[in-house]
Amino acid sequence: MDRELASSFVPADIEAPLYEKWIAAGYFTAQASSSKPPYTIVIPPPNVTGSLHIGHALDHTLQDTLIRMKRMKGFEALWLPGMDHAGIATQNVVEKQLATQGITRHDVGREAFVEKVWQWKRESGGVILDQMRRLGDSVDWSREAFTMDAGLSTAVLTIFKKLYDQGLIYRAERIINWCPRCLTALSDIEVEHSDDAGEFVQVRYGEGDIQITVATTRAETMLGDGAVAVHPDDARYQHLIGKEVLLPLANRYIPIIADELVEMEFGTGAVKVTAAHDPNDFEMAMRHNIALVVIMNEHGVMAGSGTRFDGMDRFDARTAVVEALRAEGRIMDEKRPYIHAVGHCSRCETTLEPRLSKQWFVKTAPLAKAAGDAVRDGRVKIEPTELAPRYFDWIDNMHDWCISRQLWWGHRIPVWYGPNDEVIVVGPGEVAPAGYVQDPDVLDTWFSSALWPFSTLGWPAQSEDLKRFYPTSVLVTGYDILFFWVARMMMFGLFAMDGVAPFHTIALHGLVRDQFGKKMSKSKGNTVDPIEFMDKYGADALRFTLARGANPGKDQALAEDWIGGSRNFATKLWNATRFAMMNGANIEGDLPDFATLNAIDKWILSRLAQTVAEVDSLLEDYEFARACELMYHFAWDDLCDWYLELSKERFSSGDCADTKRVLGFVLDQLFRLMHPVMPFITETMWTALTGGESLVTAQWPVAHADHVDKISENLIGELQEIISEVRRFRNDQGIKSSQKIPARFLAPAHIVDYVPAMAFVLRLELGEITPSANCEIGKSKVEFDLTSAIDLVAERARLEKDLANAHKDMQTAQIKLDNQGFMAKAPETVVVEIRERLAKTSSDIEQITAQLSKLLTP
RNA sequence: GGGUGCUUAGCUCAGUGGUAGAGCGUCUCGUUUACACCGAGAAUGUCGGGGGUUCGAAACCCUCAGCGCCCACCA
């Protein structure tokens with residue numbers, strides 16, 4: 001084992017070798033066997049997305065943090081290096097990559113496209129998360145290794161068939177969201193609504209006695225109208241219900257129907273019913289048996305209306321239709337612009353077209369009910385709990401899920417059609433009869449992603465892994481994916497695994513935003529590249545920054561400066577450890593009996609014990625940010641700035657066996673504690689310090705409750721006050737910190753032992769002196785022998801400022817104590833605290849006043 | 001339209017009833033033998049506005065204003 005640390009910290013030097021070490025040791029494969037209770041954590045795949053998105057880095061950091069902690073606690077933790085979940089992001093990235101080579105998926109067939117994808121993945125090394133990217137050749141990039149992605153995996157076939165057999169998958173002609181550019185159906189959550197400027201025109205239908213005016217934002221669809229609907233209670237239109245009215249331009253007669261879906265107050269109270277091009281209208285049409293008239297093709301071009309508008313683009317047709325109606329004097333009113341919500345494709349932003357088409361659906365009602373109940377009755381917890389309502393709101397009002405996609409990339413729908421319109425589902429191991437043709441569509445990517453918690457464990461086979469690791473424990477992911485992925489894993493998990501939810505906790509974190517808190521987007525160019533930052537500052541620095549910013553469910557702003565700060569912290573730890581080891585920090589033998597230690601050693605152990613306890617509990621509660629904050633301040637402030645400084649005198653005097661041992665213990669424990677958030681540097685320092693094999697498998701620190709020692713904490717608090725005050729004095733007097741000053745301490749008995757340590761830190765030379773200046777801090781006094789006269793103005797200014805502060809503090813305390821309501825109702829502990837504050841401030845005032853008067857009359 | 005969250009130091013954010021905090025930035029000083037990716041010191045806030053509850057409010061309630069996010073079949 002390397003027992004020395006390099007004089008400077010270079011992340012790249014330690015990261016790559018450690019990956020190799022960890023991989024070789026098998027730390028990143030499923031660990032079998034343990035008498036301990038299984039504790040498993042699902043990790044989403046290390047994202048074969050082709051590009052590392054900062055959000056993935058955050059997911060990964062937090063999941064890995066929990067895994068490492070749990071493993072150190074002795075739980076069996078499962079690491080799933082699976083490669084499922086080829087998401088929409090993958091497709092986009094892959095497509096973009098291919099586009100740079102002049103290839104589009106339309107140019108090549110499905111098979112060729114998929115081949116290209118794998119070729120590209122292999123060539124580029126494929127992955128890119130901080131760990132995976134360094135695996136390089138140790139990952140099998142062959143297509144076979146990714147069959148879950150590419151082929152019709154057994155799990156997908158099995159679940160599809162199971163759902164189909166239970167009547168939960170059906171094919172239907174419905175109005176779905178259709179992207180005329182991507183030429184595919186989209187599910188509800190792939191639709192992005194935005195308020196767009198459109199037009200709102202009122203059109204008079206009919207002739208003579210039978211006339212009615214409807215309002216629309218999509219005038220061109222009137223060519224496909226099958227009816228006009230009014231509310232059954234609408235007095236204005238009672239006489240028209242049941243009559244037929246002339247549809248202009250199309251010159252057809254259509255019925256006027258009554259339906260409660262119509263709102264009387266909106267528009268004219270009369271609605272055109274375009275059954276094939278609007279979901280509401282479709283519903284009404286079904287109820288009233290209205291004809292479906294399709295007037296637009298898949299590209300959003302008018303077709304089949306039998307009018308002169310056929311062949312026009314939908315938006316051109318809109319203008320043309322309005323003009324034609326205007327020429328006939330049928331436009332009664334128009335509002336332009338009319339701001340209203342319009343659906344767009346989440347991938348290409350094209351305005352969506354509701355389109356009548358045959359698609360496959362999952363009947364979600366029973367699945368969603370189960371998924372909702374699992375959270376409602378507490379079997380699954382959502383952290384933070386504030387986000388649970390959002391989950392319920394969505395899952396309790398879910399529409400049936402359109403799962404067919406007209407894309408190239410994905411699992412093909414395992415449905416085959418016979419020559420006489422037979423429909424069969426071909427399950428795993430089955431073969432379609434000759435002459436049957438497979439449905440050309442593929443499944444929504446979330447269909448297979450929903451299987452992740454058990455398909456990765458071998459399901460539908462009853463594998464050992466499945467038995468041991470299902471249900472998993474904690475899913476950590478961003479709240480933005482709650483509906484897309486989490487809810488679907490819940491539904492399918494409960495369905496496929498006999499009502500056992502896939503995990504007991506859903507820990508949601510926020511999204512990463514830019515340094516100004518703005519959402520990152522490619523078009524704004526404010527995205528950050530995590531790889532670049534890892535190369536520049538080290539993986540630990542990026543991980544620590546992400547973890548430190550991760551408050552449950554809240555977004556975090558990420559800027560290069562923060563990462564630089566974390567790198568500085570890592571360097572600080574490195575240097576402190578190097579210094580400690582140079583001075584003999586060790587872990588040999590038992591820790592000395594606590595009672596025999598000096599107050600400085602007791603104090604750091606006390607601080608350590610509290611930090612360990614708090615960090616442990618915070619991490620268990622998924623409070624990553626607060627845990628990191630505590631570790632940061634313990635390491636930097638308590639350990640580096642105070643403990644090491646106060647111990648220097650002891651190190652130089654040689655009487656420090658206990659301190660060396662305590663320091664070794666503190667570092668050992670701190671490294672264990674920090675390992676989950678800074679794995680590389682802690683592993684390196686820990687193995688150097690302890691000679692241990694690996695921190696990955698070391699035990700998680702346990703807080704020593706018996707090390708918590710208020711007496712030492714108070715004592716060190718006094719030392720800190722004295723030191724700070726003398727530093728201030730030196731600073732105000734313009735004395736260089738390197739200049740040694742002859743001085744004498746007049747300290748109470750309990751502090752006397754620590755005068756040498758303080759003098760060392762403060763660069764004071766102890767001895768008998770002729771004092772020319774002094775500082776008084778509480779019951780202590782430090783006298784100096786300054787060669788030159790002190791700066792009276794600066795000194796007076798300092799004292800006067802202290803005096804003013806003390807007066808202010810005393811006043812606020814006094815006001816409280818004079819308040820009868822406060823005295824009567826405030827709890828005793830608070831009153832005591834205020835009394836003590838008053839006593840302290842008044843003695844401070846006395847002291848400072850005396851010093852000031854001495855300054856005036858030396 | 002319905003939810004939901006936010007508004008605290010120049011910036012990004014912690015802080016769920018007892019004298020306002022952190023990181024970064026700013027200013028001054030400093031090459032003290034772990035560290036200039038450092039050390040020491042300093043400055044900085046009517047805690048969005050207005051009401052209320054309370055002995056006491058950044059925190060709890062009401063209200064107003066601004067911003068954000070999610071959901072949404074009002075043509």
Side-chain angles (χ1 to χ4, degrees), chain A residues 5 7-9 175 188-189 191 193 200 214-218 221 229 261-263 265-268 270-274 278-283 340-341 343 354 386-387 389-390 393-394 397 399 479-480 482-483 511 513-519 537 541 548-549 551 553-559 561-562 564-583 625-626 629 632-633 640-641 644-645 648 652 724 727-728 730-732 734-740 760-761 763 808-809 812-813 816 819-827 829-831 833-834 837:
Chain A
L5 295 176
S7 60
S8 63
F9 170 54
I175 301 287
D188 288 347
I189 49 177
V191 179
H193 289 89
F200 192 55
V214 300
T216 181
T217 54
R218 295 194 300 151
T221 61
L261 202 66
V262 181
E263 284 189 30
E265 295 75 25
F266 191 86
T268 60
V271 183
K272 56 196 276 306
V273 179
T274 316
D278 184 282
N280 282 331
D281 295 1
F282 181 79
E283 274 184 39
H340 64 136
E386 298 95 86
L387 289 173
R390 202 185 270 196
D393 181 52
W394 188 76
N397 300 300
H399 295 172
Y479 64 73
D480 57 327
L482 187 61
F483 310 134
L511 310 180
R513 327 198 75 148
D514 74 5
Q515 56 186 313
F516 305 113
K518 298 286 177 214
K519 193 172 175 178
Y537 299 102
R548 193 184 188 182
N551 287 299
K554 289 201 172 175
D555 293 352
Q556 62 170 298
L558 181 73
D561 283 354
W562 313 168
S566 297
R567 184 268 319 267
N568 296 355
F569 178 47
T571 309
K572 181 77 181 175
L573 281 176
W574 183 272
N575 285 318
T577 305
R578 206 159 53 86
F579 174 73
M581 289 174 64
M582 273 163 36
N583 281 289
R626 291 170 64 189
E629 204 62 18
Y632 181 92
H633 286 294
C640 293
D641 288 348
L644 289 180
E645 290 303 322
K648 278 180 176 172
S652 71
S724 297
R727 279 173 174 163
R728 253 184 87 197
R730 292 184 59 130
N731 214 288
D732 291 345
I735 302 167
K736 287 187 178 180
S737 48
S738 57
Q739 186 188 330
K740 298 202 170 183
F760 192 93
V761 170
R763 314 258 134 201
K808 206 175 122 196
D809 287 353
T812 53
K816 285 208 170 193
N819 183 333
Q820 291 186 353
F822 174 79
M823 295 307 285
K825 297 190 176 175
T829 51
V830 176
V831 175
E833 197 187 310
I834 304 286
R837 198 182 300 156

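Worth knowing before you read on, the calculation uses all heavy atoms, side chains too, and leaves out hydrogens, waters and symmetry mates. Labels below follow one simple rule: chain letters A, B, ... track the order of the sequence lines, proteins then strands, and each chain is numbered from 1.
Residue contacts shown for A:His633 are limited to sugar-phosphate atoms, with no base heavy atom under 4.0 Å away. Nucleic acid contact for A:Lys518: none, since no nucleic acid atom lies under 4.0 Å from a heavy atom of the residue. Residue A:Met582 is classed as a sugar-phosphate contact, given heavy-atom separations below 4.0 Å to backbone atoms only. Residue A:Phe483 is classed as a sugar-phosphate contact, given heavy-atom separations below 4.0 Å to backbone atoms only. Across all strands shown, A:Asp809 has heavy atoms under 4.0 Å from base atoms, whether or not it also approaches the sugar-phosphate. Residue A:Pro827 is in base contact, counting any heavy-atom pair closer than 4.0 Å across all strands shown.
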What's touching nucleotides 10-13 of chain B from the protein side, N or O pairs under 3.5 Å?
| from | atom 1 | to | atom 2 | distance (Å) |
| --- | --- | --- | --- | --- |
| B:U12 | OP1 | A:Phe516 | O | 3.4 |

Would you tabulate the pairs of protein nitrogen or oxygen atoms and nucleotide nitrogen or oxygen atoms of nucleotides 36-38 of chain B closer than 3.5 angstrom?
| from | atom 1 | to | atom 2 | distance (Å) |
| --- | --- | --- | --- | --- |
| B:C37 | O4' | A:Asn568 | OD1 | 3.0 |
| B:C37 | O2 | A:Arg567 | NE | 2.8 |
| B:C37 | O2 | A:Thr571 | OG1 | 2.5 |
| B:C38 | OP1 | A:Asn568 | ND2 | 3.3 |
| B:C38 | O3' | A:Lys572 | NZ | 3.1 |

Restricting to nitrogen or oxygen on both sides, can you table the protein-nucleotides 25-32 of chain B pairs closer than 3.5 Å?
none

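Annotation: of the two residues near RNA chain B, A:Asn819 and A:Tyr479, the 5′-most nearest-nucleotide partner is A:Asn819. Of the residues near RNA chain B, A:Arg390 and A:Thr812, the one whose nearest nucleotide (by heavy atom distance) lies more toward the 5' end is A:Thr812.
Summarising the geometry, atom CG belonging to A:Asp393 is positioned 7.0 Å from atom CZ belonging to A:Phe483; distances are rounded to the nearest 0.5 Å.
Residue A:Phe200 has its side chain nearest to B:A75 when only B:G18, B:C35, B:A75 are considered. In this structure, of B:G18, B:A72, B:G23, it is B:G23 that holds the atom nearest to the side chain of A:Arg548.
Every residue meeting the side chain to side chain donor-acceptor pair (under 3.5 Å) condition with A:Ser566, not counting sequence neighbours, appears here in chain and number order: A:Thr545. For A:Asp809, there are no salt bridge (Lys or Arg N to Asp or Glu O under 4.0 Å) partners, not counting sequence neighbours. Listed by chain and residue number, A:Asn575 satisfy the side chain to side chain donor-acceptor pair (under 3.5 Å) test with A:Arg578 (two or more places apart in sequence, or in another chain). Applying the ring pair (Phe, Tyr, Trp, His ring centres under 6.0 Å) rule to A:Phe822 yields no partners; only residues at least two apart in sequence or on another chain are considered. Under the side chain to side chain donor-acceptor pair (under 3.5 Å) criterion, A:Lys648 pairs with A:Glu645, not counting sequence neighbours. In terms of the ring pair (Phe, Tyr, Trp, His ring centres under 6.0 Å) criterion, residue partners of A:His340 (sequence neighbours excluded) are, by chain and number, A:Tyr338. Judged as a ring pair (Phe, Tyr, Trp, His ring centres under 6.0 Å), and not counting sequence neighbours, A:Trp562 has no contacts. Scored by the side chain to side chain donor-acceptor pair (under 3.5 Å) test, A:Asp514 finds A:Asn526 as partners (sequence neighbours excluded).
A donor-acceptor pair under 3.5 Å links the side-chain atoms of A:Arg730 to the main chain of A:Gln739, judged by distance alone.
The closest side-chain heavy-atom distance from A:Asp278 to A:Lys272 is not below 4.5 Å.
B:C37 and B:A42 have their C1' atoms separated by 23 Å, given to the nearest Å. Going from the P atom of B:C11 to that of B:G45 covers 14 Å, rounded to whole Å.
Paired runs in RNA chain B that reach 3 or more consecutive Watson-Crick or G-U pairs, where each pair keeps both distances under 3.5 Å, cover B:1-7 with B:65-71, B:10-13 with B:21-24, B:26-30 with B:38-42, B:48-52 with B:60-64.
What separates NZ of A:Lys519 from C1' of B:C69 is a distance of 8 Å, to the nearest Å. Between the P atom of B:G1 and the NE2 atom of A:His193 lies a distance of 16 Å, rounded to the nearest Å. A:Met581 places its CE atom 15 Å from the P atom of B:A34, with the value rounded to the nearest Å.
Side-chain atoms of A:Glu645 and base atoms of B:A40 include no donor and acceptor less than 3.5 Å apart.
The side chain of A:Arg728 places no N or O atom within less than 4.0 Å of a non-bridging phosphate oxygen (OP1 or OP2) of B:G41.
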